[in-house]
Amino acid sequence: MVGGLDAPHFILLDRRLSNMKNKILGGVYGQALGDALAMPALLTPSDTWNYYHGWITTFFPGPDFHPFHRGMVAGRVTDDSEQAFALAT
């Protein structure tokens, strides 16, 4: 017995917790990936569309004229992800 559970129940509980952890990590990774992909987007969808000539489908650096993300390297997460990481810990 482990913590009042026999071995098969403990293993099942361990698998469920591991699966939940993987789902949570997947959500955090997905949020960060989407944040980094959208980081160079401009303040309006039409401005973004016109500047990039369509969808943003790859990582770009922050444009020099961007009011918030100027100088950020391609693939960098923003404070949105940093706040999510802080809340997740």
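- Here the side chains of L42 and H66 are in contact, with some heavy-atom distance below 4.5 Å.
- With ring centers used as reference points, Y51 lies under 6.0 Å from F65.
- Across all their heavy atoms, G75 and A36 have their closest contact at O-CB, 3.4 Å.
- Linking ILVMFWY residues whenever their side-chain heavy atoms come closer than 4.5 Å, directly or via other members, places L37 and L33 in the same cluster.
- Here the CG atom belonging to D80 is positioned 12.0 Å from the CE atom belonging to M39, to the nearest 0.5 angstrom.
- Here the closest non-hydrogen pair linking P40 and P61 is CB-O, 3.5 Å.
- In this structure, the side chains of Q31 and S81 come closer than 4.5 Å at one or more pairs of heavy atoms.
- By the neighbour-count criterion of 12 heavy atoms within 6.0 Å, atom CG of D64 is sparsely surrounded, having that number or fewer from other residues, nucleotides or ligands.
- Taking CG from D79 and NE2 from H69, the interatomic distance works out to 6.5 Å, rounded to the nearest 0.5 Å.
- Side-chain contact between T48 and W55 is absent, with no heavy atoms from C-beta onward closer than 4.5 Å.
- Side-chain atoms of Y52 do not come within 3.5 Å of backbone N or O of F60 as any donor-acceptor pair.
- The side-chain heavy atoms of F68 and L43, taken from C-beta on, include a pair separated by under 4.5 Å.
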